[in-house]
Asks: 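Below you'll find the structure I mean.
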Amino acid sequence: MTAVTAIRREDLAPAPTQDLNGILHLLTCGSVDDGKSTLIGRLLWDASDLYDDQRETINRSSNAATGGAHPDFSLLLDGLVAEREQGITIDIAWRYFDTATRRFVVIDSPGHEQYTRNMASGASHADVAIMLVDARHGVKRQTRRHAAILDIVGVKRVVLAVNKMDLADWSQEKFRAIEADFRELTLRFGFREAIAIPVSAVGGDNVARKSEHMPWYTGPHLLEHLERIPPRDITPRGPFRMPVQTVLRDGLDFRGLAGTVASGYISVGDRVTDVLSGQSAHVLRIATMGRDLELAKQGQAVALQLDSDIDVARGATLSLTNNLPTVATQIEARLVWLWETPFDPASGYFLRTATDLAPISNIAIQSLLDLETLVARPSEKCGVNDIAIAAITLGRPVAVDAFADNQPTGAVLIVDAITGATVAGGVISTATKGDVANASAFKLTRELLERGLCRDLGDSDEDRREFQRRASEAALLLHAAGIPVKIEL
Amino acid sequence: MTAQLSHLDMLEAEAIFIFREAAAQFRKPVLMYSIGKDSTVLLHLARKAFWPQKPPFPLLHIDTTWKFKDMIAFRDKTVRDFGLELIVHTNEEGLKRGINPYDHSPSVYTDVMKTQPLKQALDKHGFDAAFGGARRDEESSRAKERVFSFRSPGHRWDPRRQRPEMWNLLNGRLGPGETVRVFPMSNWTERDVWRYIARESLEVVPLYFAARRPTITRNGQLLVVDDDRLPLLPGEVPQMKSVRFRTLGCWPLTAAVPSTAADLDSVVTETLGARTSERQGRLIDHDQAGAMERKKQEGYF
Ligand SMILES: Nc1nc2c(ncn2[C@@H]2O[C@H](COP(=O)(O)OP(=O)(O)O)[C@@H](O)[C@H]2O)c(=O)[nH]1
């Protein structure tokens, strides 16, 4: 057993009370045995401030596969008992480590084909994805699938870690060939940045230090590359959007629309609009506990107090008057089917947007995407791990954006009305206010609800929420009975 | 254009977002308050999320009757200072049966005095959502925990019923009989908790600070004797030592560490430079491999 020395922690540990420079969310994906766990374990070992008990565990282990020459770094990523017994990773696991300047969140996702859904959900949280391949095998079918999934859920930066270079004679030719395949592959997608790095995870080559075995490689090592990626919020991207989560009150003087800025930024004095109700008002105050802000940007959780009391509640999306989201009842989306139960046209579903939950009156699956060829094949069915292109008709309008224009307000979930399960995640390709399909639909109006089902409800916030809830449930029942329905409140 | 958000700013904003999502979607939430540093941070985040309102839910403390006296005093002061509603629940049946942390194995004790009463209290009050301060970095089986963690009827955690969580969309529509545990601090680390306590100047239980306390050494662990209920073994004589706690629970089950860090700054410095993870000080985790996962399936947290 060899004890592997780490970079001295004194050189790495951040000054005790210092805040770190943002958070980088890192997704790892690869086929089983490409060395994913070893790579991340090695990164933790070399570049982070592990605890002594963790180091001891690793030093005590020796890996049979490497003839005991190296500790088994993959042990740093041990998971559920069930998975250890099966010897595979079936769910996504979250790990955290700090380098001298930055918090890294490692989202570890399984590589198997049957786990497309896990990878997609893991990837939806990632700023950058590390795709692993074995240098002896190069880019595979699987790599192509992974790239396609990353692209669908909006990952913009990818790194190809060409691992086990020690088993490929540290060969530049082999690496360049794989790199060329990777270039060709990534060209088909909308990535902003794609680079390939030759590594050996067990030896730590080009993981957190430059490899002595590959002098021909002059690019950054993995950690160097990751540390250079700018954090998410440095320049708030996109138009201002703030989905309202809840309304906060304090006596008669304060009514704050609480939410997290999803994109862009907002200043005191700006005029904001709730596109669904068409109402506008100026921002009087951006309140947080402890202090008021002059400006709030993407990622900040605030409460906006407006200069006139417009009737806005959860589900509304505030935006600047000159750049509004779409008020949509027709949505075309790419769906990743996440649940074991396949799509059933007779079931009731909800569309979940940032903070809104609207009844769906129809989902028409149009095609399934073949992740290897990227060809869409006509289909009306859709089941677990499928990527489907679907046309969704809503019972009432929601405020959304196309995912390509603004990711935070262009992503949705499909929710099963009975079980509540999240059956699919979706990205909006187009959103339109198409009333055509709804022309013959039954109109569920405010009057209709008020005279019966909602007769007992008054004008309080709580009652209004309850009104919305009953309207949605009524729409679902009608839909389940085969009646196309449109809510007009 | 603006100062970059630090990682603590981002973690704080995320927790506030989660609190608001849960409060808006669930009918009757409660905050599981265990008095320790994680609960202190959790409560502070809850206050921020709903300020200037008070958090729209009560606190629930499962009292095993074996908490340090300082913890109970701190709990009552916190509730008073912030004007909060507190529900204290104890498994009276377990008390009657004399279940205690030294005669019974940690797993029996935890089940009877923590897991069962938690379920009892949640059922009794009809809470459909319970906020907890659990973090994914605490233990390997928690590394896969969701932010909204669903429980089947009977509070069982079934890995197959867990919903995928994509982007920051938190789906809180409950199925029949389901309840949920909500973890706003999922993405925090132990070090973040202390960094944040220092940044926000939060008051914590004094046991986190070093002081001379009566200690015994048992099975290689330093225990502080908080009252005379724990039978001492032959040769065990409490000795005054300067110690503090990295984690707080029932006193016979919580190991102290030798330390002279007597104020927040030195505790933070000591913690950020710590060489062993905090779960070493928590005796129940060493009980058996996969213990935490099993406890979770049974409904402990
Ligand atoms: N020779 C060599 N073996 C490696 C390297 N990286 C990983 N391995 C071995 O490949 C096997 C699979 O690694 P593991 O990290 O468990 O793969 P995972 O299934 O992708 O997580 C293990 O036996 C590792 O020791 C490497 O760079 N060189």
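Heavy-atom basis, side chains included; hydrogens, waters and symmetry copies ignored. Remember, it's a predicted structure, so these values are computed and weren't measured experimentally.
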Asks: Testing B:D137, B:D192, B:N187 for side-chain hydrogen bond (donor to acceptor under 3.5 Å, both in side chains) with A:Y96, which one passes?
Replies: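 Only one of B:D137, B:D192, B:N187 forms a side-chain hydrogen bond (donor to acceptor under 3.5 Å, both in side chains) with A:Y96, namely B:N187.
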Asks: Under a 4.5 Å heavy-atom cut-off, does chain A meet the side chain of B:E200, its backbone, both or neither?
Replies: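 Neither; nothing under 4.5 Å.
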Asks: Under the side chain to side chain contact (heavy atoms under 4.5 Å, CB included) criterion, do B:W167 and A:V153 qualify, and how do the steps go?
Replies: CA-CA 9 Å; B:W167 301 286; A:V153 302; 4.1 Å; yes
Asks: Just wondering, are more than 12 heavy atoms of other shown residues or ligands nearer than 6.0 Å to CG in B:D263?
Replies: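 Check passes, neighbour count above 12.
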Asks: Taking B:F17's backbone N and O only, do any of them form a donor-acceptor pair with A:Q245's side chain (distance below 3.5 Å, no angle check)?
Replies: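 A pair under 3.5 Å: yes.
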Asks: Inspect the surroundings of NZ in B:K54 and state if more than 12 heavy atoms from other residues, nucleotides or ligands are less than 6.0 Å away.
Replies: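 Not buried by this count: 12 neighbours or fewer within 6.0 Å.
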Asks: Nearest 0.5 Å, please: how far is CG in B:D9 from CD in A:Q300?
Replies: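 Here the interatomic distance stands at 7.5 Å.
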Asks: I need the minimum non-hydrogen distance between A:G22 and B:H7, along with the two atoms involved.
Replies: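 Answer, listing the atom of A:G22 first, then B:H7: O-CB, 3.6 Å.
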Asks: Do side-chain atoms of A:R314 reach the backbone of B:Q25 as a donor and acceptor pair under 3.5 angstrom?
Replies: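 Not confirmed, A:R314 side chain does not pair with B:Q25 backbone.
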Asks: If every non-hydrogen atom of B:L169 is compared with every non-hydrogen atom of A:A411, which pair is closest and at what distance?
Replies: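 Result for this residue pair: CD1-O, 3.6 Å.
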Asks: For B:R173, what residues pass the salt bridge (charged side-chain N to carboxylate O under 4.0 Å, His left out) criterion, not counting sequence neighbours?
Replies: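 So B:R173 forms a salt bridge (charged side-chain N to carboxylate O under 4.0 Å, His left out) with A:E473.
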Asks: Most heavy-atom pairs under 4.5 angstrom with chain A, which of B:L174, B:L170, B:N168, B:I16?
Replies: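 The residue among B:L174, B:L170, B:N168, B:I16 with the greatest pair count is B:L170.
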Asks: Using non-hydrogen atoms and a 4.5 Å limit, figure out which bit of A:R103 sits close to chain B: side chain, backbone, both or neither.
Replies: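 Contact with chain B involves the side chain of A:R103 alone.
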Asks: With only heavy atoms counted, which part of A:A262 is less than 4.5 Å from chain B, the side chain, the backbone, both or neither?
Replies: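 Neither part.
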Asks: Would the number of heavy atoms belonging to other residues, nucleotides or ligands and lying under 6.0 Å from CZ of A:R255 be above 12?
Replies: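 More than 12 within 6.0 Å, yes.
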Asks: Using non-hydrogen atoms and a 4.5 Å limit, figure out which bit of A:V244 sits close to chain B: side chain, backbone, both or neither.
Replies: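 Neither part; nothing is under 4.5 Å.
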Asks: Among residues at least two apart in sequence or on other chains, which ones pass side chain to side chain contact (heavy atoms under 4.5 Å, CB included) with B:E203?
Replies: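 Testing B:E203 for side chain to side chain contact (heavy atoms under 4.5 Å, CB included), a comparison that skips the adjacent residues, returns B:F74, B:K77.
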Asks: Let's go through B:W51 and A:L248 carefully: what are the C-alpha distance in whole Å and the side-chain angles of both, what is the deciding distance for side chain to side chain contact (heavy atoms under 4.5 Å, CB included) to 0.1 Å, and is it a yes or a no?
Replies: CA-CA 8 Å; B:W51 181 90; A:L248 301 174; over 6 Å; no
Asks: What heavy-atom pair brings A:W339 and B:R161 nearest, and what distance separates the two atoms?
Replies: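 Scanning both residues, the minimum pair turns out to be CH2-O, 3.8 Å.
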Asks: Identify which part of B:E178 has an atom lying under 4.5 Å from any heavy atom of chain A, answering side chain, backbone, both or neither.
Replies: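 The side chain, not the backbone.
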Asks: Between A:A120 and B:M166, what is the shortest heavy-atom contact and its length?
Replies: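 For A:A120 versus B:M166, the nearest heavy atoms are O-CE, 3.5 Å.
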Asks: Only one of A:V336, A:N118, A:L338, A:I92 passes side chain to side chain contact (heavy atoms under 4.5 Å, CB included) with B:P164; say which it is.
Replies: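 Testing each of A:V336, A:N118, A:L338, A:I92 against B:P164, the sole residue satisfying side chain to side chain contact (heavy atoms under 4.5 Å, CB included) is A:L338.
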Asks: Please determine, among A:G256, A:A301, A:P243, the option with the most heavy-atom pairs under 4.5 Å with chain B.
Replies: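 Looking at each of A:G256, A:A301, A:P243 in turn, A:A301 comes out on top.
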Asks: Does any heavy atom of chain A fall under 4.5 Å from the side chain of B:A49, the backbone, both, or neither of them?
Replies: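 The backbone, not the side chain.
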Asks: Do you know which two heavy atoms are closest between A:I23 and B:M10, and how far apart they sit?
Replies: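 Nearest pair, atom of A:I23 first, then B:M10: N-SD, 3.8 Å.
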Asks: Under a 4.5 Å heavy-atom cutoff, which of A:L357, A:T246, A:V412 has the most pairs with chain B?
Replies: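 Heavy-atom pairs under 4.5 Å are most numerous for A:V412.
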Asks: Identify the heavy atoms of A:M289 and B:H44 that sit nearest to each other, and give their distance.
Replies: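 Heavy-atom minimum between the residues: CE-CE1, 3.6 Å.
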